Every structure is written in C-alpha cells, then in structure tokens.
Amino acid sequence: MAGLDTSWKTGDRVIHLKDVLRYLNARKRRVHRMTARSLYRLLGRRLRIQKRRMRRANISVPIILVVDRVTRRPVVVLDGNHRLAKAATMKRDIPFRILYSDEYDMLFGS
C-alpha cells in the first residue's frame, strides 16, 4: 500500500495513515524543514527503498518523523522513506511533521 491508503497492522489492530494525520492535526503539529541529507545522517541507517517508488515520490508532501521526546533525536521515518531518499539524492530540503515516540507507543500499542 502507498499514499493515504498506508496502514500498519499491530497485533489485532490496524492503524491507518489517516488516523496518524488526524492525531497530528488535532495537536496542531506544524511542518518543519531540514536538508534531507542531514536528516538521513541523523537517522544513522540506510533506507531500503524501491527505486521506482522513489522516482515517483512527491517530496513536497511532509514525511512523518518519529522523534524521541527526551533527546529530540529522530528515531524512524514512519511515513515517507521514499520521499526522504529522493530528496537526499536531489540534495533538497524535506518537509516533516513530528510524532513523538511516546505518542507512537500510545497509538501503536508498543
């Protein structure tokens, strides 16, 4: 699945991207920007992506970044790995919205 149809199965629950976006909107989370290469380095791991999907990715759509609330360090890209990879390849900025790791745990039941 891709786009707004994205979902994650956690045990007997399914979390949809629309649910996460609704949560972020309710908390009035703004869109931040930074260079994609800087963010890629902060994540400290290589993204496993499909090149075809990367080429089709729209880098103007904000990614959702899970950030540790205490350290303020990014943990993982919840949605938008292909957009991040494309923006890094193009040496561009990437827009992102923050979902804190404790909120991720609450939403996904971790």
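These numbers were taken from a predicted model, which means no experiment stands behind them. The chain is numbered in sequence order, starting from 1. What you see below is based on every heavy atom in this structure, not just the backbone, and it leaves out hydrogens, waters and symmetry mates.
Residues passing the side-chain contact (heavy atoms from CB on, under 4.5 Å) test with N25 are R97, sequence neighbours excluded. Among residues two or more places apart in sequence or in another chain, the salt bridge (charged side-chain N to carboxylate O under 4.0 Å, His left out) test is passed with R72 by none. In terms of the side-chain contact (heavy atoms from CB on, under 4.5 Å) criterion, residue partners of R52 (sequence neighbours excluded) are, by chain and number, R55, R56. Judged as a salt bridge (charged side-chain N to carboxylate O under 4.0 Å, His left out), and not counting sequence neighbours, the contacts of D102 are R69. Scanning for salt bridge (charged side-chain N to carboxylate O under 4.0 Å, His left out) contacts around R22 gives D19, with sequence neighbours left out.
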Q: Given side chain to side chain contact (heavy atoms under 4.5 Å, CB included), test M106 with Y23 step by step and report yes or no.
A: CA-CA 11 Å; M106 185 228 12; Y23 180 88; 3.6 Å; yes
Q: Take L65 and L84, measure what side chain to side chain contact (heavy atoms under 4.5 Å, CB included) needs, and give me the verdict at the end.
A: CA-CA 10 Å; L65 185 63; L84 175 58; over 6 Å; no
Q) Does the pair W8 and V20 meet the rule for a side chain to side chain contact (heavy atoms under 4.5 Å, CB included), with working shown? A) CA-CA 11 Å; W8 301 269; V20 176; 4.2 Å; yes
Q: Test Y40 against T35 for side chain to side chain contact (heavy atoms under 4.5 Å, CB included), laying out the working first.
A: CA-CA 9 Å; Y40 194 81; T35 63; over 6 Å; no
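Looking at every heavy atom in both residues, R37 comes nearest to A88 through NE-O, 2.9 Å. Taking all atoms of both residues into account, the shortest heavy-atom contact from R29 to L99 is NH1-CA, 4.2 Å. Across all their heavy atoms, L43 and P74 have their closest contact at CD2-CB, 3.9 Å. When every heavy atom of I59 is checked against every heavy atom of A87, the shortest pair comes out as CG2-N, 3.8 Å. Scanning both residues, V75 and D68, for their nearest heavy atoms gives CG2-N, 3.7 Å. The two residues S101 and V66 come nearest to each other via the heavy atoms CA-CG1, 3.8 Å.
Between the R13 side chain and the L107 main chain, a donor and an acceptor come within less than 3.5 Å of each other.
Pairs engaging residues 80-92 under the side-chain hydrogen bond (donor to acceptor under 3.5 Å, both in side chains) rule: D79-R83 [sequence neighbours left out].
In the hydrophobic clustering of this structure, L42 groups with V67; members are Ile, Leu, Val, Met, Phe, Trp, Tyr whose side-chain heavy atoms approach within less than 4.5 Å, directly or through other members. V77 and M90 end up in the same hydrophobic cluster when Ile, Leu, Val, Met, Phe, Trp and Tyr side chains are linked at under 4.5 Å. Under a hydrophobic clustering in which Ile, Leu, Val, Met, Phe, Trp and Tyr are joined whenever their side-chain heavy atoms come within less than 4.5 Å, directly or via other members, F108 and V76 fall into the same cluster.
Here D93 contributes atom CG and S60 contributes atom OG; the two are 13.0 Å apart, rounded to the nearest 0.5 Å. Rounding to the nearest 0.5 Å gives a distance of 9.5 Å between OH of Y104 and CD1 of I15.
Counting only heavy atoms from C-beta outward, the side chains of I64 and L21 approach each other to under 4.5 Å.
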